[in-house]
Amino acid sequence: MLEQGSGQGKEKCYAGGEMGSYNPKEIEQKWQQIWEEKCMYRAEDGSPKPKLYVLDMFPYPSGDGLHVGHVEGYAATDIYSRYMRMKGYNVLHPMGWDAFGLPAENYAIKTGIHPKETTEKATRTFCKQIKSLGLSYDWDREIGTHTPEYYAWTQWFFLLLYKNGLAYKAKASVNWCESCKTVLANEQVVQGRCERCKSEVIQKELEQWFFKITDFTEDLVKDLDAVDWPDSTKLNQRNWIGKSEGALLKFPVSNSQFSIEVFTTRPDTLFGATYMVLSPEHAVIANLKSQVSNWEEVAGYIEATKKRTELERTKEAKEKTGVELKGIKAVNPATQEEIPVFIADYVLSHYGTGAIMAVPAHDERDFEFAKKYNLPAKQVICGNYPEPTCPVLENSYTGPGHLVGSGQFDGMASEEAKQKIAEFAGGVMKTTYKLRDWLISRQRYWGAPIPVVYDPEGNPHAVPEEHLPWMLPTDVEFKPTGTSPLAESKELAERTERIFGKGWKPEVDTMDTFVCSSWYYFRFADPRNEKEFASKETIRQWLPVDVYMGGAEHTVLHLMYARFFTKVLRKFGYVNFSEPFLMLRHQGLILAEDGRKMSKSLGNIISPDTIVNQYGADSLRLYEMFMGPLAYPKPWNTKSIAGVRRFLEKVWRARERVGESGDSGLDLILHQTIKKVGEDIERFDFNTAISQLMICVNAMEKAKAVSRESFEMFLKGTAPFAPHITEELWSELGNKESIHLQGWPAYSEELVKEKTIRLPIQVNGKVRDVLEVSPETSEEEARNLALASEKVRKWTEGKEVKQVIVVPGKLVNIVF
RNA sequence: GCCCGGGUGGUGGAACUGGUUUACACGGGGGACUUAAAAUCCCUGCCAGCAAUGGUUGUGGGUUCGAAUCCCACCCCGGGCACCA
């Protein structure tokens, strides 16, 4: 940092007193306080300005405090928000806390400290850390999902779904995490392991609450077309929903009243179906018991399957297993041939009909299974259409082609045959999805209680709305036993009996925290409303969210659930749009200096506090935005922060050169800078915007003098990125109103144009000369100038020039 | 296995719809200022060559006057899904 007062012999930097050195700590705290006092960033309800809703995925306030990864996304939306305010928008930019969740509860189990206490402490820390970054949130709208004022409405949403048949209780085989002692949604199981603690997930038969997200599958697919989201995120959602079109076909069971229905995407291969496979859980198996001659073996296999975890079933996928239902035959509805029936765990009970027709010649899995159990394969598709010959298959062929061995359909293209054969076999076309209903019950304490009570007969009843918030009891121990902690609450039990009558019992599960975060963006529109989750007027004013920023880890879970909630609200007339987030951007992961993920165990975590202390918030913001493209994963490099800090020092020093008149040579670069910075912010290309600002300040340093007007223009252009230093310099120039309330400067189309451009002259594609020419230079002129160049003539001498390519304003290429 | 995204100096990265590769930074080296140091400013990509010059955007090929950019094949890295019939 600059030393003060030591240079006696030195020239005075500028007239009018001592120049202070750049001291971020001082000015940042000062301005943060002033902004807060003035409620500078309050979003105005009912303002005539156009609205803009810019939202960050709200954080889980963990005890570890804010992470540099949070800062990346928050800085990005803050720059965007500040810029758009300067452009005249009424910006809603709120922050809140996704406060329910397991870490606080697990901590409570260890220490006995109530989650409410740790959560609120963590929230205060987060809040303080976020405020130290100078982010322009409207703190009047702060919300926390753990407060009764908030979860009353989470419970209201549950009731809305329940009353409309979209929330139901069902016994099903569900994912159970032994370590977290709770069930999990499918979306929370990653490769057979718990998304949170990575321990193995097992299947349990339990009665649980589900939300019927599958009622909206088609809209969840279709509406993706209309939103501005990263392609990869849309693709992830589409893959998760897993739409596929095929046919339902019935295979009668010989000598019985039963038939087995299958779903297939390849009805065109029906003539090649040489056996069938049922999932071990299939309901028809019990009905056929009397006809199965090897029932003991079959029952044994079914039992063994139940015991295997999802992970085992996937891990051992290479070795397929199964058992034939001896004594049972099914009839292929196309060939009328009798074919054997198997049960095997490679067929999933919850997809399609839980049964398949096996076509070993044209399906890899069936081929594998057929090979192992010595089952016949029959080729019915020939891939090299229209070639007349068909090779003998040594493997399964899964591509398209023309039909063979399929009677009257021989020669038909497989695409065309799909529907024809389905009809021929008495089947119907059908669309199937992988997406399953959302399991929302959790056997945990720190969440929103499910607002349901049971009558003495055990039938569920909704807790009437007047009893919301249905309070989370406090008289519980934090010991995970597998049954919900709420079950031991005397208060909850008594409350239930008092209100509903003797023998009534409360639901003791809480809701998945993803339920809380599925609707929070509505609450920001009207955070203190006690009568509705948000009023119609405020929803109309603010929603949908225009820009949503968050990590790519939420491409399936949170985004899918939030979209589902919005579609539910639309269906029941609460909103008139179907997608909550019009534009979505992801911040990339910030890696440690060693290129690995930051983690406590590796001890390579960088804390934003340290950086703010050492370099200042403006430097941290600028650094994270300058690291590279927002969405990329990027390694941290503390040394590089010096670069952006130096930039700020240059900005600070530039005021020494500010006078009434300035170097007019600066105009070009200044106007180019304003143009580029604005365009880059709108594209979220913050790294190149900052580099342009650096170019501009470097030019100001070289200029003899900078006019006040130019400097102010530059400060406005820098303000969204470095709000504190620009505010300080702006006020020092004598401006009374905050720089952040100024309009975004307009650049002049005239001044942005270069007076001369560099025109490279190539000979056979190699640059041999570069000419300074006017940008208006005509094709003819450029050609003549190029051919006249001495450096060029050196290369073309004695050669016959075949062609001269002139790209006006770009280059000239002389070819011989 | 399938589906995305990516491979550019020692490093992070720029490069608009095919037109001077390496903007802006970090680091290293050299220089200026200084008694000295810090700070600041200026120069500096790599390989081959005495030099002129040539080569150099993961590798190999193609299209083109011209390719980081388009096409084909391959290698490597990151992410997602994973028996979904």
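Each chain gets a letter, A, B and so on, in the order its sequence line appears, and its residues count up from 1.
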Give a yes or no on this: more than 12 heavy atoms of other residues, nucleotides or ligands lie within 6.0 Å of atom CZ of A/R683.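 Yes, enclosed.
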Assess whether atom CD of A/E790 is packed by more than 12 heavy atoms of other residues, nucleotides or ligands within 6.0 Å.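 No, not enclosed.
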Indicate yes or no: does [X] engage [Y] in a salt bridge with an N to O separation below 4.0 Å.
{"X": "A/R645", "Y": "A/E649", "value": "yes"}
{"X": "A/K430", "Y": "A/E245", "value": "no"}
{"X": "A/E624", "Y": "A/R621", "value": "no"}
{"X": "A/D231", "Y": "A/K234", "value": "no"}
{"X": "A/E749", "Y": "A/K675", "value": "no"}
{"X": "A/D225", "Y": "A/R238", "value": "yes"}

Distances under 3.5 Å only, N/O to N/O: pair up the protein atoms with those of nucleotides 20-24 of chain B.
residue, atom, partner, partner atom, Å
B/rU20, O4, A/R758, NE, 3.4

For [X] and [N], is the shortest distance between a side-chain N/O and OP1 or OP2 below 4.0 Å?
{"X": "A/R238", "N": "B/rC4", "value": "no"}
{"X": "A/R646", "N": "B/rU40", "value": "yes"}
{"X": "A/Y632", "N": "B/rG6", "value": "no"}

Please enumerate all protein N or O atoms sitting under 3.5 Å from an N or O of nucleotides 50-54 of chain B, with distances to 0.1 Å.
residue, atom, partner, partner atom, Å
B/rG54, OP1, A/R768, NH1, 3.3
B/rG54, OP1, A/R768, NH2, 2.6

Using a heavy-atom cut-off of 4.0 Å across all strands, would you classify [X] as base, sugar-phosphate, or nothing?
{"X": "A/S244", "answer": "sugar-phosphate"}
{"X": "A/K234", "answer": "nothing"}
{"X": "A/N813", "answer": "base"}

Any side-chain donor-acceptor pair under 3.5 Å between [X] and [Y]?
{"X": "A/Y433", "Y": "A/E218", "answer": "yes"}
{"X": "A/T214", "Y": "A/D437", "answer": "yes"}
{"X": "A/E364", "Y": "A/T398", "answer": "no"}
{"X": "A/R266", "Y": "A/H362", "answer": "no"}

Under 4.0 Å from any atom of RNA chain B, heavy atoms only: list the residues of residues 584-592 of chain A that qualify, in numerical order.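 By residue number: none to list.
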Cation-pi check, A/K320 to A/Y346: give yes when NZ or CZ is under 6.0 Å from the six-membered ring centre and within 45° of the ring axis, no otherwise.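 Relative to the ring axis of A/Y346, which defines the angle, A/K320 lies inside both limits.
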Go through [options] for me and flag the one nearest to the [X] side chain.
{"X": "A/K639", "options": "B/rC65, B/rG27, B/rG13", "result": "B/rG27"}
{"X": "A/V815", "options": "B/rC81, B/rA85, B/rC65", "result": "B/rC65"}
{"X": "A/P629", "options": "B/rA85, B/rG13, B/rA25", "result": "B/rG13"}

Can you work out whether A/L235 or A/K702 has the more 5'-proximal nearest nucleotide on RNA chain B?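 Of the two residues, A/L235 wins.
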Find which nucleotide of RNA chain B each of A/F263 and A/S232 is nearest to by heavy atoms, and output the residue with the more 5' nucleotide.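 Nearer the 5' end of the strand: A/S232.
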Between B/rC83 and B/rC76, how far is it from one C1' atom to the other, in whole Å?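 It works out to 29 Å between them.
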Considering only atom C1', compute the distance from B/rC47 to B/rG61 and round it to an integer number of Å.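 Pairwise C1' distance, B/rC47 against B/rG61, rounds to 24 Å.
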B/rG9: syn or anti, per glycosidic angle within 90° of 0: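 Syn conformation here, the glycosidic angle of B/rG9 being no more than 90° from 0.
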Is A/K320 side chain donor-acceptor paired with the B/rC83 base, going by distance under 3.5 Å alone?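 Donor-acceptor pair under 3.5 Å: yes.
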With a 3.5 Å limit on both atom pairs, tell me what [N] is paired to, counting Watson-Crick and G-U wobble, or say none.
{"N": "B/rG78", "result": "B/rC4"}
{"N": "B/rU34", "result": "none"}
{"N": "B/rG60", "result": "B/rC72"}

